[in-house]
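To start, the structure itself, in structure tokens.
In each ligand, atom 1 is the first atom listed, and ligand 1 is the first ligand listed. For this chain, numbers begin at 1 and follow the sequence in order.
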Amino acid sequence: MPTQPKANTHTFITNDLVKQKNINNQPIGIFDSGIGGLSIMHCIKQQLPHEDLLYVADTLNAPYGEKSAAFIQQRVNEIADWFVEKNAKAIVVACNTATVNAIDQLRKTISIPVIGVEPAIKPAVNISQHKKVAILVTKATAENQRFLALVEQYKHNTEVYIQPCPGLVELIEHDKKNSADCKLLLTAYLQPLMAKGVDTIVLGCTHYPLVKEVISDICGNDVVIMETALPVTEQLQRQLALHQLINNTNTDGATTFYSSKSCSTQQRLFSHIWQQPLSLHKFP
Ligand code: DGL
């Protein structure tokens with residue numbers, strides 16, 4: 001197996017290197033604090049079926065939304081280093097909280113393409129009829145300067161309400177997305193936004209698409225709910241093409257799943273979300 005540079009070596013991919021080492025047939029690393037990133041991975045699998053995908057859930061440390069920026073950066077570096085050891089050709093940070101807190105520093109130290117998740121603020125502002133948009137995020141994202149700057153950049157003439165949703169990721173991670181508790185918590189976050197006349201809701205955490213139906217039930221079908229899985233996948237596709245890293249085999253790519261909290265309960269939860277039986281390996 002060809003080896004790739006460690007995350008801190010500053011060796012950049014060249015076309016010669018790609019040809020010489022067949023890097024384009026190496027896997028793509030995707031990670032999140034838990035099962036949220038599976039919503040992104042699902043879309044990647046559909047759009048890029050020949051790619052081998054490695055998924056890491058840092059479940060032992062979820063939720064990232066309640067952690068400090070320093071802690072998130074440390075975990076992101078550790079996971080990225082591990083992907084590099086596994087010869088990943090690109091990394092998808094399938095987590096809004098990790099993206100806003102750690103992607104800039106990660107890109108300075110890593111040589112392979114790193115794709116992050118950004119909430120769909122711009123398209124939401126464009127389609128909102130009443131110019132009232134809400135963004136649902138974790139606490140760590142709501143307090144992050146990079147995120148706040150992004151909102152300022154795109155909001156123009158629109159009222160943008162940033163709604164942190166503490167407690168929601170925990171319920172989703174504990175397989176309680178369809179519980180009365182989950183509905184109650186979401187109602188508490190969403191009703192005040194509805195009262196303000198919000199007509200477009202941006203899901204600014206990759207866990208939240210897993211409760212999209214509950215959100216729709218509370219807000220009604222007239223409210224538009226925006227996700228980011230497809231734009232992230234398209235950005236990954238562009239980056240792979242740019243660096244000549246598209247997998248050129250015709251076979252179905254392998255999907256391998258890891259979690260820092262690997263146990264039978266987690267394996268069941270992953271299989272349920274992925275809608276297929278799978279083996280969950282221990283990370284690291
Ligand atoms: N899924 C993540 C996000 O997109 C992290 C949620 C969390 O661990 O708090 O923000």
Review point. Cut-off 3.5 Å, side chains only: do Ser128 and Thr158 have a donor facing an acceptor?
Key: no
Table please: side-chain donor-acceptor pairs of residues 189-197 below 3.5 Å, with sequence neighbours left out.
unit_1 : atom_1 : unit_2 : atom_2 : d
Tyr189 : OH     : Pro166 : O      : 2.5

Practice item. Give a yes or no on whether Gln129 atom CD has more than 12 heavy-atom contacts from other residues, nucleotides or ligands under 6.0 Å away. Key: no
Check your understanding: Within a radius of less than 6.0 Å around NZ of Lys131, do more than 12 heavy atoms belonging to other residues, nucleotides or ligands occur?
Key -> yes
Exercise for review: Specify whether Trp82 and Phe283 have parallel, tilted or perpendicular ring planes, treating 30° as the upper limit for parallel and 60° as the lower limit for perpendicular.
Suggested key: perpendicular
Go ahead and list the nitrogen or oxygen contacts between ligand 1 and the protein that come in under 3.5 Å, distances to 0.1 Å, or just say none.
unit_1   : atom_1 : unit_2 : atom_2 : d
ligand 1 : 1 (N)  : Asp32  : OD1    : 2.9
ligand 1 : 1 (N)  : Asp32  : OD2    : 3.4
ligand 1 : 1 (N)  : Thr206 : OG1    : 2.9
ligand 1 : 1 (N)  : His207 : ND1    : 2.7
ligand 1 : 4 (O)  : Asn96  : N      : 2.8
ligand 1 : 4 (O)  : Asn96  : OD1    : 3.2
ligand 1 : 4 (O)  : Thr206 : N      : 2.8
ligand 1 : 4 (O)  : Thr206 : OG1    : 3.2
ligand 1 : 8 (O)  : Ser33  : OG     : 2.6
ligand 1 : 8 (O)  : Tyr64  : N      : 2.7
ligand 1 : 9 (O)  : Tyr64  : N      : 3.3
ligand 1 : 9 (O)  : Gly65  : N      : 2.7
ligand 1 : 10 (O) : Thr97  : N      : 3.1
ligand 1 : 10 (O) : Thr97  : OG1    : 2.5

Review point. Would Lys132 and Asp199 count as a salt bridge (Lys or Arg N to Asp or Glu O under 4.0 Å) if you check the C-alpha gap in whole Å, the side-chain angles of each, and the deciding distance to 0.1 Å?
Key: CA-CA 6 Å; Lys132 289 189 179 191; Asp199 61 14; over 6 Å; no
